[in-house]
Amino acid sequence: MKRRVLVTGSSRGIGKAIALELAKSGFDIAVHFRSNREAAETVAREIEALGRSAWLLGFDVADRAGAVAAIEQDIEANGAYYGVVCNAGIHRDAAFPALTGEEWDEVVNVNLNGFFNVTQPTVMPMVRARKGGRIVVLSSVAGIMGNRGQVNYSATKAALIGATKSLAIELASRQITVNCVAPGVIETDMVDDVEMDRIKHLIPAGRMGRAEEVAGLVAYLFSDSAAYITRQVISVNGGMA
Ligand code: NDP
């Protein structure tokens with residue numbers, strides 16, 4: 001049986017690692033991107049080399065009408081998703097007194113509204129397909145503990161935990177699990193400007209994590225073995241908290 005999974009923001013970073021790991025587990029993948037089509041095409045080719053199907057979906061998760069149109073079109077043409085990974089996210093860091101309204105709104109629109117814009121049109125088709133399913137949402141250690149300079153980002157990542165837990169309750173009887181994965185500091189473009197020497201003492205493991213180390217957990221949550229794990233927040237952070 002073919003099982004299709006949408007991974008938002010899978011053109012690079014953690015999303016790319018998740019897309020490849022899920023393909024290795026036997027899923028067909030909608031490789032989603034916003035701006036970098038070329039990078040998404042490369043990911044799709046890597047998935048095809050693993051023997052699975054991959055296709056591209058390009059839209060801004062903050063654009064509700066655009067997201068809904070692209071997702072509905074894909075579902076109508078190819079059927080419901082078995083799962084969704086809400087991975088696309090941004091940060092716009094500043095000490096709170098210097099944080100602008102634009103920086104607040106942009107992060108809320110992408111990280112939090114993006115979750116609604118993507119999951120809302122996918123859920124009912126998943127329920128109607130009656131095959132169970134998986135929703136995994138990328139939160140962050142910042143959403144659990146807070147982080148200096150990330151009031152906006154932490155707010156959205158904490159809100160996603162509440163949204164995940166409530167949706168998990170609504171969907172549990174449909175055999176659709178909904179969980180958050182909360183990474184610590186993972187080596188991707190997003191943490192390009194992080195000075196490791198300054199934060200190393202906060203990470204008991206003494207190093208950044210790798211995107212593959214987050215992807216391994218997501219693949220496990222997508223496995224049949226994880227069917228009874230729902231409404232949880234699972235951290236991958238080298239022992240930060
Ligand atoms: P990257 O910056 O490396 O990649 C972000 C991805 O999201 C890209 O594929 C990008 O697409 C996509 N994206 C960004 N904005 C939008 C948008 N408005 N609409 C559609 N797609 C968008 O991030 P990471 O891989 O590091 O992070 C992935 C997730 O993990 C995020 O939710 C992040 O908050 C979370 N996380 C990351 C941590 C880290 O240390 N790296 C720690 C904790 C959580 P494009 O390439 O087209 O721009």
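In each ligand, atom 1 is the first atom listed, and ligand 1 is the first ligand listed.
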>> Please check whether Val61 reaches ligand 1 - meaning an N/O of the residue sits under 3.5 Å from an N/O of the ligand, judged on distance alone.
In response: yes
> Asn237 side chain to Gly184 main-chain N or O, any donor-acceptor pair under 3.5 Å?
Replying inline: no
>> Show the atoms of ligand 1 that are less than 4.0 angstrom away from any heavy atom in Ile90.
In response: 14 (C), 15 (N)
> Relative to atom 22 (C) of ligand 1, which among Ala88, Gly209, Ala182 owns the nearest non-hydrogen atom?
Replying inline: Ala88
> Considering Leu138, Ile186, Ile14, which one's heavy-atom position lies nearest to atom 37 (C) of ligand 1?
Replying inline: Ile14
> Which protein non-hydrogen atom lies closest to atom 9 (O) of ligand 1, naming both residue and atom, and how far is it?
Replying inline: Ser11 OG, 2.8 Å
> If only atom types and distance count, is the side chain of Glu106 paired as donor or acceptor with the main-chain N or O of Glu103 below 3.5 Å?
Replying inline: no
>> Which of the numbered atoms in ligand 1 are under 4.0 angstrom from any heavy atom belonging to Lys157?
In response: 31 (C), 32 (O), 33 (C), 34 (O)
>> Counting only heavy atoms, tell me which of Thr188, Leu57, Asn87, Val43 gets closest to atom 24 (P) of ligand 1.
In response: Thr188
> Would you say the side-chain atoms of Thr122 pair up with the backbone N or O of Thr119, donor to acceptor, closer than 3.5 Å?
Replying inline: yes
> Taking the minimum heavy-atom distance to atom 42 (C) of ligand 1, which of Gly184, Gly13, Gly89, Ala39 ranks first?
Replying inline: Gly184
>> Using every non-hydrogen atom in the two residues, find where Ser11 and Val43 come nearest and quote the distance to one decimal.
In response: O-CG2, 3.8 Å
> Yes or no on side-chain contact (heavy atoms from CB on, under 4.5 Å) for Phe59 and Val61, after CA distance, side-chain angles and deciding distance?
Replying inline: CA-CA 6 Å; Phe59 57 83; Val61 295; 4.0 Å; yes
> Can a donor-acceptor pair be found between the side chains of Asn78 and Asp74 at a distance below 3.5 Å?
Replying inline: yes
> Given that the side chain starts at C-beta and the backbone is N, CA, C, O, which of these parts of Phe59 lies under 4.0 Å from ligand 1, counting heavy atoms, or is it both or neither?
Replying inline: backbone
> With a 4.0 Å heavy-atom cut-off (strictly under), which part of Val191 contacts ligand 1: side chain, backbone, both or neither?
Replying inline: side chain
> For ligand 1, which atoms sit closer than 4.0 Å to a heavy atom of Asn36?
Replying inline: 46 (O), 47 (O)
>> Return the closest protein heavy atom for atom 1 (P) of ligand 1 as residue, atom name and distance.
In response: Arg12 NH1, 3.6 Å
> For atom 47 (O) of ligand 1, what is the nearest protein heavy atom, given as residue, atom name and distance?
Replying inline: Ser35 N, 2.7 Å
> Which atoms of ligand 1 have any heavy atom of Asp60 under 4.0 Å away?
Replying inline: 17 (C), 18 (N), 19 (N)
> Would you find a donor on one side and an acceptor on the other, under 3.5 Å apart, between the side chain of His32 and the backbone of Leu56?
Replying inline: no
>> If we only consider heavy atoms of Ala40, is any one of them less than 4.0 Å away from an atom in ligand 1?
In response: no
> Considering only protein heavy atoms, which is closest to atom 36 (N) of ligand 1, and at what distance to one decimal place?
Replying inline: Tyr153 OH, 3.5 Å
> Hey, is Lys16 touching ligand 1 through its side chain, its backbone, both or neither, going by heavy atoms under 4.0 Å?
Replying inline: neither
> Would Arg37 and Glu41 pass as an ion pair if we require N to O under 4.0 Å?
Replying inline: yes
>> Counting only heavy atoms closer than 4.0 Å, does ligand 1 sit against the backbone of Val185, its side chain, both, or neither?
In response: backbone
>> I'd like to check the side-chain contact (heavy atoms from CB on, under 4.5 Å) partners of Lys157; sequence neighbours left out, ordered by chain and number.
In response: Asn111, Ser139, Ser140, Tyr153, Leu160
> Between the side chain of Asp60 and the main-chain N/O of Arg34, is any donor-acceptor distance below 3.5 Å?
Replying inline: no
>> What protein heavy atom lies closest to atom 20 (C) of ligand 1? Include the residue and the distance to one decimal.
In response: His32 CE1, 3.2 Å
>> What I want to find out is whether Arg92 reaches Glu102 closely enough, with some N-O distance under 4.0 Å, to be called a salt bridge.
In response: no
>> Does only the side chain of Glu187 get under 4.0 Å from ligand 1, or the backbone, or both, or neither? Count heavy atoms.
In response: neither
> Between the main-chain N or O of Gln150 and the side-chain N or O of Asn147, is there a donor-acceptor pair closer than 3.5 Å?
Replying inline: no
> Should Gly9 be counted as touching ligand 1, given the test is an N or O pair under 3.5 Å?
Replying inline: yes
> Strictly by modelled atom types, are Asn109 and Asn113 linked by a side-chain donor-acceptor pair under 3.5 Å?
Replying inline: yes
